[in-house]
There are 2 protein chains.
Amino acid sequence: MSRDIAQRHIIIPALGEIFRENGFAGTSLAEITYRTGLGKGSLYHFFPKGKKEMAEVVLDDVASWFEENVFLPLLECKNPKHGIQIMFKAVDDYFYSGERICLIGAFSLDDTRDQFASKLNSYFTSWNEALTSALKRNGLANKQAKDIAEDVVASIQGALVLARSQDNPKVFTRALKRLQRRIETSIHE
Amino acid sequence: MSRDIAQRHIIIPALGEIFRENGFAGTSLAEITYRTGLGKGSLYHFFPKGKKEMAEVVLDDVASWFEENVFLPLLECKNPKHGIQIMFKAVDDYFYSGERICLIGAFSLDDTRDQFASKLNSYFTSWNEALTSALKRNGLANKQAKDIAEDVVASIQGALVLARSQDNPKVFTRALKRLQRRIETSIHE
DNA sequence: AATATACTGTACCAATTGGTACAATTAAAC
DNA sequence: GTTTAATTGTACCAATTGGTACAGTATATT
């Protein structure tokens, strides 16, 4: 790994948090330099295309985290019920039990959305498909599996929004519990 | 009604759409003057405290729309099942069957959220309480009513986010149908 | 018709925006 | 230890940001 890319990777998480908290339009280079400790010189060395490239790299980073920790387990776990358990655990961890915002969600509602449309789209699509697959391998019919998957992904998003605006993370953890129960019962019918 | 206030009311819907599409940070006065056709002179005449006041007025406007068309029917409809029907119809109309973003949701994820915290909070709280009340009057136990209400409100939010990022309003209409069915069955148990 | 008030266009402001240029410094490779 | 490439700080840029000042023009009210 070249020095270049190594250094670049170090600041991606920091960039992620900044965008998460302020949205794309709401994040200024001034804040980025302040919070990363890097001057514009370094920033534009690592991300020659500027702010937009930073956001793209962050989105890719989020996507690959979910790919590895959520989608893949759902798709490949031998015991699909276990895969779903892993998903809920990973989601709870990732969002700090409701204290962390979903970057993808924030960008989806931002004026930014058109610029990053395909990345945002594929994040939710992948999640949906992976969960649908796991549900089907649990014996659910195609239609019902799709239905529940869409329901779960949407509810998680919504719960994050509500938790934030009510400043109450429990809204999120309650939602996760509810969804787990719903899946349980629909499988055991 | 003074001329002042009358004029002010005319542009509030336009302001709403602009904030909806761009978020708070993403909306510039330049765009506001362009899309409303009003110069800064007029704008600051109607909203002396500037952009922030415009957003506040818009949030109040949204809140009162929901108060009248969603919360009140839920709270006061003699047949509570009918009240819930009214809610779903109103929500579907308001969000143009999934083509329109939720301003409250957008602001909740924006860096703006702290400035408008109490308004955002009370919007979701009111909705939750009104729906809980209607469910209880349909014979559900307090705990279950609260549970379902939170679920419904969160799911609607999430479905709006998904519909937007997938550029597919049907995600939203599907979610509404699903939620209606869920309420139906939980009432008839 | 005169007066008061509501409204609006224009010019202006300091501060901040994202971005560039580049010389100076640091660190790795030979 | 010299060469080569990676990294960074500083100074700078034009454009845009939200906001102000105010004179001028409508529109009521009397």
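On a predicted model such as this, the values are computed, not experimentally measured, just so you know. By convention in this document, chain letters (A, B, ...) are assigned in the order of the sequence lines, proteins followed by strands, and residues within each chain are numbered from 1.
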A:Ile32 CD1 to C:dT16 P, straight-line distance once rounded to whole Å: 17 Å
Interatomic distance, A:Ile18 CD1 vs C:dG18 P [rounded to whole Å]: 12 Å
Tell me: CG of A:Leu29 to C1' of D:dC12, nearest whole Å? 15 Å
Assign B:Thr27 to base, sugar-phosphate, or nothing according to its heavy-atom contacts below 4.0 angstrom with the strands shown. sugar-phosphate
In whole angstrom, what separates B:Glu31's CD from D:dA15's P? 20 Å
At a heavy-atom distance below 4.0 Å, what parts of residues 48-59 of chain B sit against DNA chain D? B:Gly50, B:Lys51
Is the NZ atom of A:Lys146 crowded by more than 12 outside heavy atoms at less than 6.0 Å? no
Positions of residues 36-45 of chain B (non-hydrogen atom under 4.0 Å from DNA chain D), listed by number: B:Lys40, B:Tyr44
Between B:Glu21 and B:Arg35, does any NZ, NE, NH1 or NH2 come within less than 4.0 Å of an OD or OE carboxylate oxygen? yes
Could you go step by step and tell me if A:Arg100 and A:Asp93 meet the salt bridge (charged side-chain N to carboxylate O under 4.0 Å, His left out) rule? CA-CA 10 Å; A:Arg100 201 187 197 198; A:Asp93 286 351; over 6 Å; no
Give a yes/no verdict on a cation-pi contact between B:Arg113 and B:Phe107, requiring under 6.0 Å between NZ or CZ and the six-membered ring centre and an angle within 45° of the axis. no
Looking only at side-chain N and O atoms, does B:Ser155 offer a donor or acceptor that is under 3.5 Å from a partner on A:Ser155? yes
Just verifying a value: how many Å separate B:Asp92 CG and B:Gln180 CD, rounded to the nearest 0.5 Å? 8.5 Å
Between A:Glu31 and A:Asn22: side-chain donor-acceptor atoms closer than 3.5 Å: yes
With no hydrogens and no angle check, just 3.5 Å: does a side-chain donor-acceptor pair link A:Lys81 and A:Asn138? no
Can you tell me how far P of C:dG18 sits from CZ of A:Phe47, to the nearest Å? 15 Å
Please give, in whole Å, the distance from D:dG18 P to B:Gln115 CD? 13 Å
